[in-house]
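One structure is given here, and the rest of the page talks about it.
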Amino acid sequence: MPEGSPPLDLGLCLTCGQVFRWWRDGESWAGVDGDRFYRVARDGTGLQVHGTGTEDEFKSLFGLDETTARSIERISRLDAAMGERVGRLAGLRLMRPGCPVETAFCFMTTSNNHLARIHQMVRVLASYGDRIPGAPVGAKRFPALERIAALSEEELRSKGFGYRARTIPLAARRMIESGGKEWLESLAKAPYEEANRELTGLPGVGNKLADCIALFALGHGSAVPVDTHVWRAMTRDVFPDWRGKSLTDQRYRAIGDFLRERFGELAGMAHQYIFVETMLMSRSQRIRERRPEPAEPL
DNA sequence: TACGGACCTTTC
DNA sequence: AAAGGTCCGT
């Protein structure tokens, strides 16, 4: 999408997932996906997109294609409650970033963490990457596995990574031993169960991160990341006996199975509507209890 | 197999 | 206390 090409009319678009590499830049949003850079600005009722990627690549990143539209329609027909959620959250899309290494390490910063610090850590990691030709100087592509593996725990600790300073370079070294980025990418073609087993074998990667990586980086639609929001929703609506109990491996599995039974390969997409709805509810509750905060896209 | 607690840091 | 958890010990 070179400068001066006709604007894409995207309508209202709410996304979730791998947004760690996007930032506010004046009136527009800027972001990186693999070696692509994009800038998105409001244009009347729609959005105008410029960048180093093609229109198809941008649409793929944000699920703005016919296949996605049909999948969304399918999950809303499969289940009445899901149909209502999809109606309330029209425009929500599962992101499909193009670089699994980038996505995997972005998610490794998220454990027991909050968005502001996640964003900061992702900026630090990206600072070790090369700049992207044709993009602003600050827009770096994510560093290669070898560069992450070469980082010392001490350095990352000094930059505020906490205990993740140990596991992040360690996971990169482990991936290199297994066959590097080709190994990670090959897990996209493996069965979900196998991908999940391999990913949870990485240091710092448990059930939840493995499912995030499987779903967002590798396209495993059966992956259902169960985080605190999804746990809250499921113990409220589906497994009330579990309220007040802890999230064990078995319960984690049962929640995923519940959605996989109903939505199959679209379980991960269905899960996202539950996640976002619950997250927005708890957020608006906080706002009611305290003071309004500036409107932030997801 | 289930549960508790430690782990880094910041905060609506 | 909780935040888009993981790991280890009992």
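Below, read A as the first sequence line, B as the second, and so on, with proteins coming before strands; counting in each chain starts at 1.
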Which atom of Leu89(A) lies closest to which atom of Tyr273(A), heavy atoms considered: CD1-O, 3.6 Å

From [atom1] of [X] over to [atom2] of [N], roughly how many Å is that when rounded to an integer?
{"X": "Lys159(A)", "N": "dT10(B)", "atom1": "NZ", "atom2": "P", "result": "16 Å"}
{"X": "Asn207(A)", "N": "dT1(B)", "atom1": "CG", "atom2": "P", "result": "13 Å"}
{"X": "Phe161(A)", "N": "dC7(B)", "atom1": "CZ", "atom2": "C1'", "result": "16 Å"}
{"X": "Arg174(A)", "N": "dT6(C)", "atom1": "CZ", "atom2": "P", "result": "16 Å"}
{"X": "Trp231(A)", "N": "dG5(C)", "atom1": "CH2", "atom2": "C1'", "result": "14 Å"}
{"X": "Arg157(A)", "N": "dC7(B)", "atom1": "CZ", "atom2": "P", "result": "10 Å"}
{"X": "Ile255(A)", "N": "dG4(C)", "atom1": "CD1", "atom2": "P", "result": "17 Å"}
{"X": "Phe107(A)", "N": "dT6(C)", "atom1": "CZ", "atom2": "P", "result": "12 Å"}

Could you see if Met82(A) belongs to whatever hydrophobic cluster contains Phe239(A)? Use Ile, Leu, Val, Met, Phe, Trp, Tyr and a side-chain cutoff under 4.5 Å. yes

Does [N] have its OP1 or OP2 closer than 4.0 Å to a side-chain nitrogen or oxygen of [X]?
{"X": "Thr248(A)", "N": "dT1(B)", "result": "no"}
{"X": "Arg253(A)", "N": "dT1(B)", "result": "no"}
{"X": "Thr228(A)", "N": "dA3(C)", "result": "yes"}

Base, sugar-phosphate or nothing for [X]? Non-hydrogen atoms, less than 4.0 Å.
{"X": "Leu209(A)", "result": "sugar-phosphate"}
{"X": "Asn112(A)", "result": "base"}
{"X": "Leu202(A)", "result": "sugar-phosphate"}
{"X": "Asp249(A)", "result": "nothing"}
{"X": "Pro203(A)", "result": "sugar-phosphate"}

Looking at Tyr163(A) and dG5(C), is any side-chain donor or acceptor paired with a base atom of the opposite kind under 3.5 Å? yes

Is there a donor N/O on one and an acceptor N/O on the other, under 3.5 Å, for the side chain of Arg164(A) and the base of dC8(B)? yes

What about Phe62(A) and Trp22(A), are their ring centers closer than 6.0 Å? yes

Below 6.0 angstrom between ring centroids: does that apply to Phe107(A) and Phe20(A)? yes

May I ask you to check if Arg262(A) and Phe258(A) form a cation-pi contact, with NZ or CZ under 6.0 angstrom from the six-membered ring centre and within 45° of the axis? yes

Answer yes or no for Arg251(A) and Trp242(A): cation-pi contact, defined as NZ/CZ to six-membered ring centre under 6.0 Å and angle to ring axis within 45°. yes

By nearest nucleotide on DNA chain C, pick out whichever of Gly204(A) and Arg232(A) is the more 5' one. Arg232(A)

Would you kindly compare Val205(A) and Arg117(A) by the position of their nearest DNA chain C nucleotide and give the one closer to the 5′ end? Arg117(A)

Considering only atom [atom1], compute the distance from [N] to [M] and round it to an integer number of Å.
{"N": "dC8(B)", "M": "dG9(C)", "atom1": "P", "result": "15 Å"}
{"N": "dA2(B)", "M": "dG4(C)", "atom1": "P", "result": "26 Å"}
{"N": "dA1(C)", "M": "dA6(B)", "atom1": "P", "result": "13 Å"}

Of Arg251(A) and His114(A), the one whose nearest nucleotide on DNA chain B sits closer to the 5' end is Arg251(A)

Complementary nucleotide of dT11(B), counting Watson-Crick and G-U pairs under 3.5 Å: dA1(C)

